[in-house]
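Remarks on the structure that follows.
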Amino acid sequence: MNAALLAGFFKNFAKVFTETAYLKMLFKGLETTLIISIGAAAIGLLLGSLVAIVKITPKKNKFMLIPNFICDVYTTVIRGTPMALQLFLMAFVIFAIRGFPNELTAIFAFGINSGAYVAENIRAGILSVDRGQSEAGRALGLNGRQTMLKIVVPQGMKNVIPALGNEIIALIKETSIVSMIGMVDLTAAAKIIGSGQNLATYLAPTAVAALFYLIIVYLLTFAIKLIERKLRKSDNRK
Amino acid sequence: MITVNNVYKSFGKNEVLKGISLNVEKGEKLALIGPSGSGKSTLLRCLNLLEEIKYGEVWLDGKLLTPVDPYLHFDVIEKSNTFKKVCAELAQAGTPESEIREKAILKIKKEDLLKPFEGREYRAAVKKIFKENYLNINLARRCMGMVFQQFNLFNNMNVLNNMIYAPVKLKIMTKAQAEEKAAALLKRIGLPDKADAFPSSLSGGQKQRIAIARSLMMNPEVMLFDEPTSALDPEMVGEVLALIKELADEGMTMVIVTHEMGFAREVATRVLFMDGGNILEEGAPEKIFTQPQNERLKDFLSKVL
Ligand SMILES: Nc1ncnc2c1ncn2[C@@H]1O[C@H](COP(=O)(O)OP(=O)(O)O)[C@@H](O)[C@H]1O
Ligand SMILES: [Mg+2]
C-alpha cells in the first residue's frame with residue numbers, strides 16, 4: 001500500500017476519535033446498538049424459553065395442542081422470512097403509530113426474531129440429552145417436572161449456552177440494519193461520519209465501527225467461555 | 001405381585017407385544033430370554049410404564065397402573081350401547097336367548113367394536129373400576145427398581161447425589177437417613193470411597209453396581225433388569241452378576257432380561273422365552289434349557305449355548 005494513503009488513513013482514524021462531533025455521533029450510535037441488542041436479547045431469551053417449554057411439553061397433553069401449534073407457526077414464520085422484512089413490517093405496519101419510539105420498535109422486532117432462534121437452540125439442547133437420563137429419573141418415581149428441572153435441563157444447558165452465545169453475537173451484528181427504519185446505530189453513525197459533508201472517506205469510520213463490534217463480540221465470547229467452563233467443571237469433576 | 005393382562009404395544013405400525021399376559025409372584029426371579037428385537041425390553045418397560053401400552057392392563061399388588069381396558073371387563077362391555085345393539089342384532093338373527101350375551105361379548109372383543117363414547121352407564125362403570133383400583137404411576141414406580149443396560153446414572157450429579165436425590169426429593173427419608181443408607185450400600189457393593197465421584201470417572205461395572213444401589217435406595221419390592229451386563233467389558237460382567245445374585249438370594253423379586261444363559265439357569269425360578277412379541281414357552285430353567293419344546297426356542301438355544 002502507498003505510504004501516503006496509509007498516513008491518510010491513520011490521520012482520519014485519529015480524527016474520528018478526536019473530533020468531538022464525530023466521537024459523539026459514534027458513541028450515540030454505539031449506545032443505540034447496545035440498547036437494541038440488550039433489549040432484544042432480553043426479550044429473545046424470555047420469549048424463546050417460554051416457546052421452548054411449550055415445545056418440549058409432551059404432545060399428549062391436550063391443553064398444549066393450541067399453544068404448541070402457535071409456537072410452531074411462530075418459529076417457522078420468523079425463521080423462514082428475512083429479518084429486514086420483519087423489521088420493516090414492525091416499523092411501518094404494526095407499530096406505525098405516530099410518536100411510538102423507534103427504539104422500542106427495533107427492540108420488539110429483533111427480540112421477537114431472536115426468540116425463535118433461542119427457542120430452537122434450547123429445544124435442541126434439551127433434546128440432545130440422552131433419553132436414558134429422564135427414563136432413569138422417572139423410573140425412580142420422580143415426576144416429569146422434577147426430572148426435567150434437576151436432571152435434564154442442567155445437562156442440556158451445557159449444550160445450549162454456546163448456541164445462545166452465538167445467537168446473541170449474531171443478533172448484535174444484525175442490528176446494523178436498523179438504519180433502514182431511520183435509526184442511527186453504530187453502522188449508520190460510521191456512514192454519516194464518512195459522508196461528503198464530514199470526513200468524505202468511509203474507510204476510517206467503518207474501520208472504527210468494525211473495531212467496536214469486534215470488541216463487543218470478543219468480550220461476549222470471553223464471558224460465554226467462562227460460563228461454559230464453570231458448567232463443565234460442575235459436571236465432570238473427577 | 002405384578003400382573004400383566006393381555007398387553008398390546010406397537011411403535012407406529014410395528015406391533016411389538018401381541019397380547020402378553022404374565023404373573024410375577026412375590027419372591028420369584030423371572031428371566032426373559034429371546035432373540036434381539038423380540039420385545040423383551042419393551043415388555044419390561046411396560047411393567048413400570050416407561051412405555052405406554054395400547055391395550056391391556058398392568059396391575060401391581062392389586063392396584064391398576066394403566067387406564068381401564070374395557071375389553072377385560074365383561075360387566076363393562078355389557079353396559080355399552082354397542083352391546084345392546086349387537087344383542088338386538090343377534091336376537092333378530094335368531095340366536096337362542098341363552099347364547100346371546102356370550103356371543104355378543106365375543107363379537108365385540110373380536111372385532112374391536114367399542115367406541116370412545118358408549119353411553120353414561122358404560123362411562124360410570126369404567127370410572128368406578130378406575131377409581132377403586134388406580135394407583136398413580138409415580139407412586140408405583142417407587143416400588144419397582146429399574147436397572148438399564150446403559151446404567152443411566154445422572155451425569156450431572158456425583159454418586160452420592162445420584163443415590164439420595166430421589167428418596168430425599170420424594171420425602172421418603174431425610175437427607176441424613178438417605179446419606180447413611182447410601183454409605184451402607186456403597187460399602188456393601190465394595191465402593192465406599194466413590195461417594196464424591198462423578199459417573200464419568202467410573203468404570204462400566206462400577207456404574208452398574210451404583211445404578212443397582214441407587215434403585216435399592218427406594219427399598220423396592222421388585223427389581224427390573226434390562227440386560228444389566230450387555231454393555232460391560234467381559235471382565236466386569238462377573239461383579240455385576242454377583243451383586244444381582246446376592247439380591248436374588250436375599251429374596252428380592254426380580255425380572256431380568258438377559259443373554260447370560262448360565263446366569264438365568266442358575267438364578268431364575270422361571271424362564272420365559274419370547275419371540276415376535278409373544279411368550280412362546282415358559283417353565284423352570286431346567287426344563288427350558290434341557291427339554292425345550294418350541295422349535296424356535298430350540299433354534300435360539302442352539303445359537304446361544
Ligand atoms: N422407542 C422405540 N421406537 C420404535 N421402535 C422401537 C422402540 N423401542 C423398540 N422398538 C422396536 O420394538 C421391537 C422390540 O424391541 P425390544 O423390546 O427392544 O427388543 P429386545 O429387547 O427383545 O431386543 C424392535 O423391533 C424395535 O425396533
Ligand atoms: Mg433389549
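Chain letters run A, B, ... following the sequence lines, proteins first and then strands; every chain starts at 1.
- Note: R138(A) CZ to N138(B) CG = 5.0 Å, rounded to the nearest 0.5 Å.
- Heavy-atom neighbours of E52(B) CD from other residues, nucleotides or ligands within 6.0 Å: at or below the threshold of 12.
- Using modelled atom types, one side-chain atom of N152(B) and one backbone atom of G132(A) make a donor-acceptor pair closer than 3.5 Å.
- Atom CD of E246(B) sits in a crowded spot, with more than 12 heavy atoms from other residues, nucleotides or ligands closer than 6.0 Å.
- Around the CZ atom of F69(A), the shell of radius 6.0 Å holds no more than 12 heavy atoms that belong to other residues, nucleotides or ligands.
- Here the straight-line distance linking atom CG of L140(A) with atom CE of M163(B) works out to 11.0 Å at 0.5 Å rounding.
- Put simply, CG on L170(B) and CD on Q146(A) are 5.5 Å apart, with the number rounded to the nearest 0.5 Å.
- Within the 4.5 angstrom heavy-atom criterion, atoms from both the backbone and the side chain of R214(B) approach chain A.
- Within a 6.0 Å sphere centred on CD1 of I66(A), heavy atoms belonging to other residues, nucleotides or ligands number 12 at most.
- The number of heavy atoms from other shown groups lying within 6.0 Å of CZ (F17(A)) is above 12.
- Annotation: maximal heavy-atom pairing with chain A below 4.5 Å, among L139(B), L153(B), N136(B), occurs at L153(B).
- F154(B) approaches A136(A) most closely through the heavy-atom pair CE2-CB, 3.8 Å.
- Proximity of a side-chain donor or acceptor of Q133(A) to a complementary backbone N or O of N155(B) within less than 3.5 Å is detected.
- By the neighbour-count criterion of 12 heavy atoms within 6.0 Å, atom CZ of F88(A) is sparsely surrounded, having that number or fewer from other residues, nucleotides or ligands.
- With chain A as partner, the option from N48(B), L202(B), L50(B), I137(B) having the largest number of non-hydrogen pairs under 4.5 angstrom is L50(B).
- With respect to chain A, the highest number of heavy-atom pairs below 4.5 Å among M218(B), Q149(B), R45(B) belongs to R45(B).
- Residue F11(B) places its CZ atom among more than 12 non-hydrogen atoms of other residues, nucleotides or ligands, all under 6.0 Å distant.
- To the nearest 0.5 Å, the span separating CD on Q150(B) from CZ on R131(A) amounts to 12.5 Å.
- Atom CD in E135(A) sits 7.5 Å away from atom CE in M146(B) (nearest 0.5 Å).
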Inset, instruction - Check step by step if side-chain contact (heavy atoms from CB on, under 4.5 Å) holds for K169(B) and K150(A). - result: CA-CA 10 Å; K169(B) 183 84 191 174; K150(A) 255 328 239 230; 5.6 Å; no
